[in-house]
Undergrad: 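Submitted below is the structure of interest, expressed as structure tokens.
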Amino acid sequence: MPRLSLVVPVYKVQGYLAECLDSVLGQDYTDFEVIAVDDCSPDGSGAILDQYAQRDARVHVIHLTENVGLGRARNAGMEKTQGDYVLFLDSDDTLADGALGAISERLDATGDPEILVYDYARTYWDGRVRPNQLADLLKHDGPDVFSLAERPQLLDLLQIVWNKAYRRDFVTRHGLTFPPGYYEDAPWTFCSLISAERIAVLDRVCVLYRQRREGGNILKTVSRKHFDVFDQYRRVFEYVDAHPGLDSWRGPLFRKMVDHYLTVLERPGRLPQDARAEFFHRAAADYRARLPEGFQRPGGGRGHKFGMLERDAYTAMAGATAAVRLRQAVRTRTRMALNRSKRSAMGVFYQSQLRLPLDENLALFSAYWSRSVSCNPAAIDAELARRAPHIRRVWALRPEAADRAPKGVEVVRVGSKDYWAALARAKYLVNNVNFADAVVKREGQVHLQTHHGTPLKTMGLDQRKYPASTDMDFDKLLERCDRWDFSISSNRFSTAVWERVYPCSYESLETGYPRNDILVTATSDDVRRARKALDLSDGAKAFLYMPTHREYQPGFTPSLDLARLAEELGPDVTLMVRGHYFYGSSPHVAELRRSGRIVDVSGHARVEELYLAADALITDYSSAMFDYAVLDRPIIVFAPDWDIYSAVRGTYFNLLEESPGAVATSQAELIRLLGSDEYDGDRAAELRAAFRRRFCEFDDGRAAERVVRRVFLGEKTPLPFVPFAERPHAPTPAQALELVERA
């Protein structure tokens, strides 16, 4: 039997769950089990739990068939525990290093108390850590083991279950379970503390309590569910009624109850406005019904609020609250005036356009900082033209890029009046990066963030751990992301990353990447057309080399000697290079370029056409590998500086161990691979198949349609995905040529 059992209820936490479980399984103390309860989570959390259970026998997963809420999910987990002690951990929080070892040592040192209370700290998205302000209550003053009567001030701690270890036989003996509804911690915590005869404390931070920037906390949701607090305190006092020996706790529990009711009333964003009076009157009724004999109200303003509840004086309370809100509104108006003065830099014209009605049939597109008509926005644009031709589609392009726009594309030049008018009045704003800080998100506007790759390297807030890779202002970043209404994801892996590193209140659309639709639906004619546009001859092999940017290198510095590689590959192979202009004026390289054996495709607008034309992809850490894998063609990872890249930029998995194909760490090894055809052998195919299943799970050729239906047409029922085994993909160049020859 394990010493400790950790119950972890799980619901919609796919972005944080791995970090939570890693913090537990990475503890140096090992005598524990994890009972993880998937509360019918609609995201990928259940699958993540199963993956951890497969890797670590200490993880046991319960999949509930319906969503029952936090309390009853904990009950389901408790039924399966076998440890001497039961601990609870919320699935977006983490354990501090060494926490379980310290807890076990303290339990041993204090002779197995019924409850051990330990410390926690709040952690914030911006890296701040705020200690528990009442941490002094956990200092080891006096006896190691005591009852609550000896240290009643422990009731002043935040009443939560996850900062305590409970002896399992104590829980069973007292029949402790969690009730349904909000504030389920209150009956459990109060009833357990007043019942325990042997309590100990541990003056050490064991839990890091995540303060999520957006979402994740039902207590911040405006709802009548906050009325559940009345049932929770009814349960507390029913417990006291059933145990006459606990009568002495009526006074302290009454005060905690009233404090809690007032907190619900005072905190904005909890009660609907039309429910506040009803809540107050119910709280007042509880006050009068449970007022203990001889109770002394607290002094000051708090005591005055107790008195208003006792008199059921809602009008007086509402007036006092209104005065406070008036002061807050004055401060808000002042702040808004300052912001307006700052926005004057945007220009009087933009401000005037913001006052005009939205154009419900206007969509503004941008991609790669308005440098081209491309990527996911371009694929969505094309699908929108087919399915909603009444919506006018306009592209924002920089002046130097505007002349290169495809024929028929309506363009507004960045910085022009037309550009600012479109930004101000378009119902839909679509981009694969963020719009500029100056852009105002209007009520009724819909911002669609498409992204432009699956993340291997760290992104968003995760980049804070790698300061050498960025000088980003993360506050500004999240202000930009706050404008998003929808965030497109190509796989569940990406969804989990985006939701964690961009913690804002958008809806994730797990649709696949629209730009990859053509990689599924393209015909042999499309493949041959793509090759012809690049002057690639039939029957010749074409390798596409796409290295990524490295923050520690200035400009584009290929890790490959491209001229030598072209020579080694021979005259029947063309090397297409996607990057910046890559070499100087070497006569030898110039000759290779003239011969067509090295082709610079850096300026090619549609990378998908390059994918269709290439027989294989050579890349290092570029997100191109995730898209190219849709084609099920060979991918070769050339990673000569993996240790440096992963240390400087940070990555989400070890590419050398979870690659989409053959891996080379030197040019000599790469040449050997390509010369031996090992890059297209059985082992490479196995790696590619596993990679495709993990990262191309949504790419079935209908991603753009899904996006248009949801965002522009308002359809809520998603299109079903084509089963993975039944999905086609574009033919290879060799297959396309064979079809032509047969014809």
Side-chain angles (χ1 to χ4, degrees), residues 6-28 30 32-63 73 77 87-97 99-100 123-125 127 162 206-216 451 454-466 487 489-504 508 510 623 626 646 649-658 690-691 693-695 697-698:
L6 284 85
V7 176
V8 183
V10 175
Y11 184 75
K12 292 183 71 172
V13 286
Q14 61 184 1
Y16 304 98
L17 184 54
E19 187 178 357
C20 171
L21 295 175
D22 288 343
S23 77
V24 177
L25 301 176
Q27 296 278 313
D28 49 12
T30 59
F32 65 86
E33 64 176 355
V34 176
I35 310 297
V37 184
D38 171 18
D39 190 14
C40 203
S41 186
D43 62 2
S45 295
I48 294 172
L49 291 178
D50 290 339
Q51 291 167 10
Y52 272 84
Q54 290 172 4
R55 297 198 301 261
D56 196 313
R58 295 172 296 179
V59 179
H60 310 281
V61 181
I62 301 171
H63 292 286
L87 291 72
F88 300 94
L89 183 66
D90 285 355
S91 47
D92 55 352
D93 296 336
T94 55
L95 290 182
D97 291 342
L100 294 185
T123 62
Y124 294 81
W125 68 267
W162 44 254
C206 294
V207 177
L208 300 176
Y209 178 25
R210 186 188 302 273
Q211 305 299 292
R212 287 164 68 173
R213 185 174 179 271
E214 292 283 349
H451 303 282
T454 292
L456 167 65
K457 61 189 178 185
T458 57
M459 300 292 290
L461 295 186
D462 282 349
Q463 287 184 259
R464 292 173 304 169
K465 304 170 189 175
Y466 302 91
S487 167
S489 176
S490 56
N491 44 62
R492 283 178 290 183
F493 167 83
S494 293
T495 308
V497 172
W498 301 148
E499 290 181 357
R500 185 182 68 255
V501 304
Y502 304 121
C504 305
S508 293
E510 293 187 322
S623 64
F626 300 98
S646 57
R649 181 58 198 254
T651 58
Y652 291 118
F653 60 91
N654 189 327
L655 183 62
L656 304 190
E657 297 176 358
E658 302 176 68
F691 195 86
R693 282 196 170 273
R694 182 180 181 189
F695 295 112
E697 58 182 322
F698 301 142

Undergrad: Is any side-chain heavy atom of L456 less than 4.5 Å from a side-chain heavy atom of E658?
TA: no
Undergrad: Does some side-chain heavy atom of Y11 sit less than 4.5 Å from a side-chain heavy atom of P42?
TA: yes
Undergrad: How many angstroms lie between atom CG of N654 and atom CG of L656, to the nearest 0.5 angstrom?
TA: 5.0 Å
Undergrad: Measure the acute angle between the ring planes of F653 and F695, then classify it against the limits of 30° and 60° as parallel, tilted or perpendicular.
TA: parallel
Undergrad: Answer yes or no: is there a side-chain heavy-atom contact under 4.5 Å between I62 and I35?
TA: yes
Undergrad: Please table the atom pairs, donor to acceptor, closer than 3.5 Å between any side-chain atom in residues 17-25 and protein atoms at least two apart or in another chain.
TA:
unit_1	atom_1	unit_2	atom_2	d
E19	OE1	R210	NH2	2.9
D22	OD1	Y52	OH	2.7
D22	OD2	Y52	OH	3.4
S23	OG	C20	O	2.6
S23	OG	L95	N	2.9

Undergrad: Do the rings of W162 and Y209 sit parallel, tilted or perpendicular, given the 30° and 60° boundaries?
TA: tilted
Undergrad: If you look only at pairs with a residue in residues 489-502, which of them pass as a salt bridge (charged side-chain N to carboxylate O under 4.0 Å, His left out), with sequence neighbours excluded?
TA: D462-R500, R492-E697
Undergrad: Please tell me if the side chains of S45 and K12 come closer than 4.5 Å, counting only heavy atoms from C-beta onward.
TA: no
Undergrad: Any chance you could measure Y466, atom OH, to K457, atom NZ, to the nearest 0.5 Å?
TA: 14.0 Å
Undergrad: Any side-chain heavy atom of T495 within less than 4.5 Å of one from Q14?
TA: yes
Undergrad: Is there a side-chain contact between S91 and P9, using heavy atoms and a 4.5 Å cut-off?
TA: no
Undergrad: If only side-chain N and O atoms count, and only distance matters, is there a donor-acceptor pair under 3.5 Å linking T454 with S490?
TA: yes
Undergrad: First locate atom OH of Y652, then atom CE of M459, and finally report the distance between them rounded to the nearest 0.5 Å.
TA: 7.5 Å
Undergrad: Going from OG1 on T94 to CG on L89, what distance comes out if it is rounded to the nearest 0.5 angstrom?
TA: 7.5 Å
Undergrad: Which of parallel (below 30°), tilted (30 to 60°) and perpendicular (above 60°) describes W498 and H451?
TA: parallel
Undergrad: Decide yes or no for R212 and Y16: does some side-chain heavy atom of the first lie under 4.5 Å from some side-chain heavy atom of the second?
TA: yes
Undergrad: Is a donor on one side and an acceptor on the other found under 3.5 Å between the side chain of R213 and the backbone of C504?
TA: no
Undergrad: Any salt bridge (charged side-chain N to carboxylate O under 4.0 Å, His left out) pairs touching residues 50-60, not counting sequence neighbours?
TA: D56-R58
Undergrad: Rounded to the nearest 0.5 Å, how far does CG of D43 lie from CD1 of I48?
TA: 7.0 Å
Undergrad: Once you round to the nearest 0.5 Å, how far does CD of Q211 lie from OG1 of T123?
TA: 7.0 Å
